[in-house]
Amino acid sequence: MSIRGTFLESPTDSHVSLRATFLERWALPSPLIKPHRINADTLLSNGLAAVERDLERSGVGIIQMDHPLNDLDFIAFGYELGTPIPEKDPAVQPFVTEHVVLNLRTISDKTEDVSIQPFAANFLTLHSESSGRRWTEQPRYVVLMCADPGDDESAAQTVIVPNGSIIDQLSFDACAILAETFYDNDTGSPAILRLENGRRIISFRDFHQRELHWIHDGPANANQVREALLDLLAAMYSGNDAYAIRWSTNLLAIIDNHTVMHARSTSVYDPTKSSRFLKRLRVRTSDSDNSVALLADTSSLFGHPSPRRPIYILPAVREQAKHLTDDPHTVTIPFVDDQVLDLFSRAKHPDDPMELRDLWIGRVEAELGDDATRPELAARWREARVMRTVSEDEVLSSRTTVRFIKELFNTYFRDDLYGRLRGQAKSILSGGALDETVFGLPTALKQTIQYALVKDLYGYSDSRGREPAREAVAEYESTRLGVAAYSADSVALTMGATFAVANLADFLLTQCSSWRPALCGIPNYPPLVQSIAKRHDVQLVPMDCSDGHSSLANMKAALSPDTPLVLLQTAANPTGIAVKEDELADLIESASSSTLILLDECHEWLGAEPRLSPARARANVIRVFSLSKRWSAPGIKAGWFLADPAIVSEYYEHASTTFGGPPSFFYTLIEVLARMERWRLEGLEHVGPAQIAEFEPEYRLTEQGLNSAFSSYLAERKAFDESLLLLRDATVVRLRQIGADVVWPQRSINAAALFPEFDDSYLCFRRLLHDTGVAVYPGVLNFYLAGGWFRITYARKWDEITNAMGRLERRLVVQKS
C-alpha cells in the first residue's frame with residue numbers, strides 16, 4: 001500500500017551546513033581526469049573516441065579545444081552522442097537558440113525566483129538532470145561548453161559527485177526505501193534509486209528550501225522515508241570523491257547523467273566584469289529514449305518543436321572543394337567493347353545468363369592470378385573457345401544480356417562484397433545512398449511518422465494511396481512544371497521506385513500487343529531493366545555522355561510508332577548527368593501517343609533546379625519518384641508515380657488485386673513533404689492560416705507548430721544540399737589528384753570514375769578491394785558494357801572518404817615505385 005508525504009528541510013539538518021560549505025566556501029579539487037586537447041575542426045571524427053574510456057570509468061569526459069564551436073557544430077557533436085533534447089520550459093526561452101542550446105550566462109545577482117536561478121549568481125544544488133521527468137525523457141548526457149569563464153575563475157564551478165560514492169555511504173535499509181520512493185507527480189518519474197543494466201542510478205534533486213512531495217510503495221513509514229532522504233542528502237554533500245571543473249575558454253565537458261550528480265558553486269554578479277557563459281545540450285541516447293514521452297504528448301501534428309538537425313562540414317572539405325577546376329566534361333559512351341563480344345562468342349549457350357555470368361567472373365578470376373577466389377571458374381574461362389561471331393546489336397537487343405547483368409549484380413552484392421569478400425572491405429564506397437546517420441530524414445518528417453504511430457494511421461486505404469497525400473503530390477509536381485498539370489487522380493503512391501517500375505511493367509506490358517521491343521536507355525539500374533525484360537523484348541540504347549549532358553539522340557533514332565514503352569533515367573546512374581530538358585521534350589513530342597514513356601526521376605534532385613518542361617505531363621508519360629535518394633530513406637520504401645488519370649484509374653484494379661496498397665503508415669509523411677516542398681518552390685519562408693487550411697482539421701495544427709516544422713525543414717534541406725555539393729566537389733578533386741578520370745556529377749550523390757590501367761570494371765573492383773580494402777561499384781552492373789568505369793558514393797563522412805582515397809593513393813605510389 002502506498003503512502004504519501006512531503007519533505008521540507010530543517011535548518012538543523014546535517015546536510016544544510018554541509019551544502020553551504022560544499023557550494024559556497026569549499027575549494028574542491030580538480031578532476032583527476034585530464035582534458036584531451038583536440039582541434040575543434042576534427043571534434044566529430046575523433047572527439048568521442050578520445051573520451052570514451054573516461055566516460056565509462058568516471059562518467060565525465062573533458063576536451064580542451066583550440067577554438068569555439070558555433071551552435072550548429074555544437075549540436076552536431078550532440079548528435080554524435082545521441083539526440084539533443086528541445087528546451088521547452090517557457091521561462092528559459094529567451095536563452096535558447098536552435099531549440100536545443102541553452103545559453104547559461106550570469107545576468108543577475110542572487111534571486112529567489114527558481115526559474116531565473118540558472119542565470120543568476122546563486123549556487124545550484126546537486127541533482128541529476130530532469131529528475132522529475134519520466135525516465136524516457138531524462139537525458140543520458142549533459143554537454144557543457146565554455147564560451148567565457150568569466151573574470152573570477154574560482155566562481156560558478158561545475159561540481160561533480162559520483163553516484164557510487166554517494167550510494168556507498170547509505171545503509172542497506174536506506175537504499176531499499178529509496179528504491180521504492182518516487183516523486184509524487186503526474187509525469188511518471190522513476191524511483192529515486194534504481195538499478196539498470198548493472199548500473200546504480202540516482203534520479204534526485206536537492207529541493208533546497210522547497211517542498212518535495214513523495215510517494216512510497218514499500219513497507220516503510222513516513223518517518224523512515226524522511227530519514228532515508230536525509231541520509232541521501234548528507235551523503236551527497238559529504239565531499240567523498242567530489243571535484244569541480246574549473247572552466248577555461250573552449251573547454252567542453254560531457255557529463256553522464258546516469259553515473260554522476262552535478263551542481264554549480266556560487267558566484268558574485270558584477271555588471272562591470274565578465275561573467276561565466278556556458279552553452280548546454282541535453283542528449284538522449286537509445287537507453288534514455290524520448291519516443292514514449294513524445295508519443296504521450298503528441299495530441300497534434302507538430303505539437304512540440306522541430307529542432308534543426310545540423311550537418312557538420314569540416315573546414316578541410318570546404319578547402320578541398322575550392323580546388324575544383326572547370327569541369328572538362330569527360331566523355332563516356334556505354335558502347336559494347338570487345339570483351340563483352342568475346343564473352344558471348346565463347347559461351348556454349350549464349351542465351352544462358354548464368355553461363356555468361358560464370359564466364360565473366362571466370363575471366364576476372366583468371367586475370368587476378370594468385371589472388372583469385374574461384375579457381376574453378378578461372379579454369380572454365382581458360383578452356384572456353386570462340387564459337388561464333390557476335391555483333392553489338394545482338395548484345396544490345398538480347399533479353400539474355402539484361403538477365404546476365406542482373407545476375408552479375410546479384411553476385412556482386414550477395415556473393416562477393418557482402419559474402420566471401422566482406423572481410424577485405426575496409427572502406428565501402430559503393431552503397432548508392434546517403435549515409436543516413438549524417439543525412440537522415442529531416443526532424444519534421446520524422447515527427448510525421450511518430451504522429452502516424454500515435455494516431456494509429458496504418459489501416460486499409462485506397463490502393464492508390466490516401467487522397468490528401470495524392471492531392472499534395474499533385475500540387476507539388478504541378479508547381480515543378482509551372483502548369484496546373486495534375487490532380488489527385490493523376491497520382492498513385494508506391495512502395496519506392498524499384499517496386500513501382502516492376503509493378504507498372506506488369507500492369508502495362510502483360511497485355512501489350514506490339515512486337516516492337518521496349519527501349520531502355522543505358523546506363524541504367526539492373527532491377528529496373530530486368531523488370532521490363534521479364535515481360536517484353538527489350539532494346540538497350542546507349543546514351544552518350546558529353547558536354548555535360550546525356551544525349552537522347554540514339555533514343556530518338558530507335559523510336560518507332562509501334563514502340564510500346566521507353567524506360568529512361570532523367571539523371572543517369574552512375575554518372576549523375578542529366579538529360580537536356582529541351583531534348584526530353586522533343587523526344588516526348590516525337591513519340592507516338594501509344595508509346596508509354598516511363599521516366600525514372602529518382603536521381604534528379606541535387607544541384608540547380610531547372611524548370612521542368614510541361615511535356616513531362618503529357619498523357620503517355622509516367623514519372624516515378626522515390627524518397628530513397630532525396631531523403632536517404634531506402635528502407636521506408638515510399639514514393640509515387642504520376643500519369644494520366646485514365647492510367648491511374650486502371651492501375652487501381654491492378655494494385656488492389658496484386659498487393660492491396662502502399663503502406664498507409666507513411667501517408668502523412670508524403671503529404672507534409674510534398675506541401676513543404678511546394679511552399680519552398682513558391683518562395684515561402686513562413687506559413688500561416690492559408691497553409692494550415694491545406695491540412696485536415698484532425699491534425700490540429702497550430703501556426704506556431706507548423707512554422708517551427710517548416711523552418712526546421714527549410715534549414716535542414718538547405719544544409720543537406722550545401723553539404724552534399726561541397727562533398728561532391730571535394731571528392732571529385734581528391735579522385736583527380738590520385739590519377740582518376742572523373743565525370744563531375746550534376747545531379748546525383750554518385751560519381752563515375754576511371755583509373756586508366758583498367759579496361760574491366762569488375763576486375764577494377766576486385767583488384768582495388770584486394771590491394772586497398774576499398775570497395776567500389778563496377779560500372780558494368782549498370783550496363784557500362786565497355787571499359788573500367790566504376791562508381792563511388794560520396795555522401796559519406798569525410799573521414800571515410802579521405803581514408804579510402806589515402807588507401808587508393810598509397811597503391812598508386814607503390815605501383816609507380
Side-chain angles (χ1 to χ4, degrees), residues 332 334 337 339-340 343 356-375 377-378 381 404-433 522-527 573-576 731 734-735 738-743 745 749-794 796 800-801 803-812 814-815:
T332 63
D337 69 6
Q339 287 192 114
V340 175
L343 174 78
L356 293 171
R357 177 202 61 189
D358 289 347
L359 283 174
W360 185 279
I361 296 295
R363 180 182 50 74
V364 170
E365 297 286 357
E367 295 192 39
L368 286 170
D370 292 341
D371 299 327
T373 60
R374 301 180 181 92
L377 292 184
W381 167 257
F404 150 57
I405 296 297
K406 179 59 170 60
E407 289 300 330
L408 198 59
F409 176 91
N410 296 345
T411 297
Y412 171 79
F413 282 109
R414 179 192 61 211
D415 302 327
D416 283 353
L417 180 58
Y418 296 106
R420 69 179 69 200
L421 304 179
R422 180 63 182 88
Q424 296 182 23
K426 309 303 180 185
S427 299
I428 298 180
L429 300 183
S430 53
I522 57 171
N524 214 317
Y525 185 51
N573 179 5
T575 62
T731 304
R734 193 72 184 95
L735 278 167
I738 60 177
D741 293 330
V742 189
V743 180
I749 56 171
N750 299 313
L754 173 71
F755 285 120
E757 68 180 281
F758 293 107
D759 61 1
D760 179 329
S761 60
Y762 209 94
L763 177 62
C764 174
F765 151 64
R766 288 289 303 276
R767 180 55 70 192
L768 292 181
L769 183 66
H770 179 272
D771 293 351
T772 71
V774 178
V776 298
Y777 178 92
V780 67
L781 303 186
N782 278 29
F783 297 95
Y784 256 85
L785 301 177
W789 288 95
F790 62 88
R791 183 190 80 186
I792 72 161
T793 302
Y794 61 80
R796 319 295 301 170
E800 294 181 25
I801 298 291
N803 178 275
M805 295 302 157
R807 290 171 178 270
L808 294 173
E809 188 171 38
R810 285 191 292 273
R811 177 184 183 274
L812 183 65
V814 170
Q815 283 185 319

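If you're wondering where the values come from, they're calculated on a predicted model, not measured in any experiment.
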Worksheet item: When you measure from the side chain of Arg791 to the backbone N and O of Thr575, does any donor-acceptor pair fall under 3.5 Å?
Response: no
Worksheet entry | Spacing of Lys406 atom NZ and Leu781 atom CG [to the nearest 0.5 Å] | 10.5 Å
Worksheet item: Is any side-chain heavy atom of Phe755 closer than 4.5 Å to a side-chain heavy atom of Leu812?
Response: no
Worksheet item: Nearest heavy-atom pair of Arg357 and Phe404: which atoms, and what distance?
Response: N-CD1, 3.6 Å
Worksheet item: Where the side chain of Asn782 meets the backbone of Asn573, is there a donor-acceptor pair that is under 3.5 Å apart?
Response: yes
Fill in: Cationic N near anionic O, under 4.0 Å, Asp371 to Arg766
no
Practice prompt. Applying side chain to side chain contact (heavy atoms under 4.5 Å, CB included), run through Leu408 and Ile361 and close with a yes or a no.
Written response: CA-CA 8 Å; Leu408 198 59; Ile361 296 295; 3.6 Å; yes
Practice prompt. Check each of Tyr777, Phe790, Tyr412 against Phe765 using the ring pair (Phe, Tyr, Trp, His ring centres under 6.0 Å) test, and report the only one that passes.
Written response: Tyr412
Item to complete: Measure centre to centre between the rings of Tyr525 and Phe409, then say whether the value is under 6.0 Å.
Response: yes
Response to the item:
Looking only at heavy atoms, the pair that brings Gly432 and Asn750 closest together is CA-OD1, 3.7 Å
Fill in: Straight-line distance of Gln339 CD to Arg363 CZ, nearest 0.5 Å
4.0 Å
Discussion item. Could you check whether Arg796 and Thr731, counting side-chain N and O atoms only, form a donor-acceptor pair closer than 3.5 Å?
Written reply: no
Worksheet item: Where do Met805 and Ile792 land on the side chain to side chain contact (heavy atoms under 4.5 Å, CB included) test, with the steps shown first?
Response: CA-CA 11 Å; Met805 295 302 157; Ile792 72 161; 3.8 Å; yes
Discussion item. Going by side-chain hydrogen bond (donor to acceptor under 3.5 Å, both in side chains), name the residues that satisfy it together with Thr772, two or more places apart in sequence or in a different chain.
Written reply: none
Worksheet item: Do the non-hydrogen side-chain atoms of Pro375 and Glu365 ever get within less than 4.5 Å of each other?
Response: no
Worksheet item: Picking from Asp415, Asp416, Asp358, what satisfies salt bridge (charged side-chain N to carboxylate O under 4.0 Å, His left out) with Arg374?
Response: Asp416
Worksheet, complete the sentence: Closest heavy-atom pair, Thr793 versus Ala433, reported as atoms and distance to 0.1 Å, is CG2-O, 3.5 Å
Discussion item. Rounded to the nearest 0.5 Å, what separates atom CD in Glu367 from atom OH in Tyr762?
Written reply: 14.0 Å
Discussion item. Let me confirm one number: the CD1-CG distance from Ile405 to Asn410, rounded to the nearest 0.5 Å.
Written reply: 11.5 Å
Worksheet item: Which class fits the ring pair Tyr784 and Trp789: parallel under 30°, tilted 30 to 60°, perpendicular over 60°?
Response: tilted
Discussion item. I'd like to check His770 versus Leu368 (side-chain heavy atoms, cut-off strictly below 4.5 Å). Are they in contact?
Written reply: no
Worksheet item: Roughly how far apart are Trp360 CH2 and Leu763 CG, rounded to 0.5 Å?
Response: 10.0 Å
Practice prompt. Among Arg807, Arg811, Arg810, find the one that has a side chain to side chain donor-acceptor pair (under 3.5 Å) with Asp771.
Written response: Arg811
Worksheet item: Using 4.0 Å as the upper bound for N to carboxylate O, is an ion pair formed by Arg734 and Glu809?
Response: yes
Practice prompt. Give a yes or no answer on whether the side chain of Asp741 reaches the backbone of Pro756 with a donor-acceptor pair at less than 3.5 Å.
Written response: no
Item to complete: Taking the side chain as every heavy atom from C-beta outward, state whether Ile801 and Leu429 have any atom pair closer than 4.5 Å.
Response: yes
Worksheet item: How far apart are the closest heavy atoms of Ala425 and Leu417, and which atoms are they?
Response: CB-CD1, 4.3 Å
Item to complete: For residues Asp337 and Gly787, report the shortest heavy-atom separation together with the two atoms involved.
Response: OD2-N, 3.3 Å
Fill in: Rounded distance [0.5 Å steps], CG in Leu768 versus OG in Ser427
11.5 Å
